[in-house]
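Step one of this worksheet: look at the structure below.
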Amino acid sequence: MNVKRKEIQTARMWRFFLDATSELIEEKGLHHITIREIADRAGYTSSTVYNYFRDLSHLKFFAVMRDTDKYLKDLPGYMEKGSNTIEKWLYAWECFCKHSFQLPEVYSLLYIENLGTIPEELMQNYYQVYANELINLSEEVQSIITHHNIATRSSLYIQSAKEEGFIQEEDIPYIADMTMLIWTGMLTNLLNLRRNVSKEEAAKQTMDYVYKSIMSTVVPEKRSEVNYVYGDRNENGSSTS
């Protein structure tokens, strides 16, 4: 079997199993399905599943990755609102929060739960099979979504803000780690019902914290150049609600 034919065959088998996984997740929830059920639904044996996926957590990871397609479609439009790296980065975060808090279990599985392997490897495997999802995305957007670790995404992208004179080199690790911790904490609280807020309110609160965190690192003489607007946020960055 030549390489191209093998790739087509792999993509086809992935689709069978991921469709079956998605159906079962919809019917029974993320945490109540088995490899055997997936194999039966797809019309194959469990041993065939293991020819393409390492274990159940990987199958679930790849299945729910397809639930991020709306996020991928919205992200370029959000980033176009920004005129500098700080603004683009904030709008990218707003898009991520908007979608992740609508599907908290999905994004928790993708970015928080222990998958028993290197998540970056899973992400690379996914986009190798579904490379067409990246075709119409700019290199700028691809640089964000193809890195699994949220802190890594931020630290790599925010480097340009240093070159533009908005932040100092030593603040980049703080920005990357703090924003990741803010999002992780809020999403976990929402899933565990520890905060009595709606999904929309959780997204907005998260962006309030993210905005304040990054603005505290922007050099004072450049702060007036950051014109980010979220919902009913006014021009000076405070909430009017």
Side-chain angles (χ1 to χ4, degrees), residues 6-75 95-134 145-150 152-153 180 183-200 202-203 206:
K6 185 175 181 180
E7 289 176 353
I8 293 173
Q9 173 69 10
T10 297
R12 182 182 297 116
M13 295 302 292
W14 270 49
R15 189 170 296 107
F16 291 152
F17 291 125
L18 297 186
D19 285 348
T21 305
S22 296
E23 290 173 7
L24 287 165
I25 289 173
E26 183 71 23
E27 294 170 13
K28 305 181 68 173
L30 268 171
H31 305 295
H32 303 285
I33 61 176
T34 67
I35 287 281
R36 187 180 193 122
E37 288 174 321
I38 294 168
D40 288 344
R41 179 66 61 92
Y44 291 88
T45 64
S46 297
S47 60
T48 305
V49 176
Y50 287 113
N51 287 334
Y52 295 92
F53 302 93
R54 295 182 186 177
D55 58 32
L56 179 59
S57 67
H58 298 165
L59 257 172
K60 292 194 291 186
F61 177 93
F62 293 127
V64 301
M65 266 296 294
R66 300 193 297 182
D67 290 331
T68 66
D69 60 338
K70 292 182 181 177
Y71 161 62
L72 297 184
K73 290 177 182 177
D74 282 354
L75 183 57
C95 183
F96 184 70
C97 286
K98 170 189 171 183
H99 288 281
S100 62
F101 284 102
Q102 286 301 313
L103 298 171
E105 288 191 345
V106 166
Y107 281 80
S108 177
L109 183 139
L110 288 175
Y111 296 103
I112 298 177
E113 292 184 23
N114 183 357
L115 299 170
T117 190
I118 301 173
E120 292 289 349
E121 181 182 333
L122 294 180
M123 192 76 80
Q124 290 170 9
N125 289 344
Y126 180 84
Y127 284 119
Q128 282 175 358
V129 175
Y130 294 107
N132 60 301
E133 294 189 8
L134 301 176
I145 66 169
T146 54
H147 286 90
H148 177 272
N149 185 278
I150 295 172
T152 300
R153 289 185 182 193
M180 181 271 292
W183 176 81
T184 301
M186 188 67 79
L187 193 79
T188 301
N189 282 340
L190 183 67
L191 280 170
N192 294 334
L193 302 178
R194 292 179 180 175
R195 292 178 71 91
N196 186 26
V197 296
S198 69
K199 294 176 179 180
E200 292 76 14
T206 301

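Below, all heavy atoms of this structure are taken into account, side chains as well, without hydrogens, waters or symmetry copies.
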Scanning both residues in full, the closest heavy-atom pair of S108 with L191 reads CB-CD1, 3.5 Å
Between C95 and Y71, the two heavy atoms sitting closest are SG-CD1, 3.7 Å
Notebook entry, point to check: Side chains of F96 and L75: does their closest heavy-atom pair fall under 4.5 Å?
Noted result: no
Check: If only atom types and distance count, is the side chain of D69 paired as donor or acceptor with the main-chain N or O of L72 below 3.5 Å?
Finding: no
**Asked** How are the rings of W183 and Y111 set relative to one another: parallel (under 30°), tilted (30 to 60°) or perpendicular (over 60°)?
**Response** perpendicular
Please check if the side chain of K70 supplies one atom and the backbone of H99 the other of a donor-acceptor pair under 3.5 Å.
no
When every non-hydrogen atom of V49 is compared with those of I35, the smallest separation belongs to CG1-CD1, 4.0 Å
| said: Counting C-beta onward and ignoring hydrogens, is there a side-chain heavy-atom pair between V64 and L30 closer than 4.5 Å? | reply: yes
Verdict with supporting geometry, F101 and M186, side-chain contact (heavy atoms from CB on, under 4.5 Å): CA-CA 9 Å; F101 284 102; M186 188 67 79; 3.6 Å; yes
Output for pair (L103 CG, D67 CG), nearest 0.5 Å, gives 6.0 Å
Worksheet entry | Any donor-acceptor pair under 3.5 Å from T34 side chain to E37 backbone | yes
Mind telling me whether F53 and F62 have parallel, tilted or perpendicular rings, with 30° and 60° as the class edges?
tilted
Any side-chain to backbone donor/acceptor pair from T188 onto G185? Under 3.5 Å, distance only.
no
Output for pair (L110 CG, E105 CD), nearest 0.5 Å, gives 12.0 Å
Shortest non-hydrogen pair, S46 vs A39, comes out as N-CB, 3.6 Å
Here the gap from I38 atom CD1 to E23 atom CD, rounded to the nearest 0.5 Å, amounts to 11.0 Å
Could you walk me through whether K60 and E113 pass salt bridge (Lys or Arg N to Asp or Glu O under 4.0 Å), step by step? CA-CA 12 Å; K60 292 194 291 186; E113 292 184 23; 5.8 Å; no
| message | For L18, is there any backbone N or O sitting under 3.5 Å from a side-chain donor or acceptor partner on R66? | response | yes
Taken in chain and number order and not counting sequence neighbours, the residues that satisfy salt bridge (Lys or Arg N to Asp or Glu O under 4.0 Å) with D40 are none
One should read off an interatomic distance between Y52 OH and W14 CH2, to the nearest 0.5 angstrom, of 11.5 Å
Separation between CG (L190) and NZ (K199), nearest 0.5 Å, reads 7.5 Å
In this structure, CE of M13 is separated from OG1 of T48 (nearest 0.5 Å) by 6.0 Å
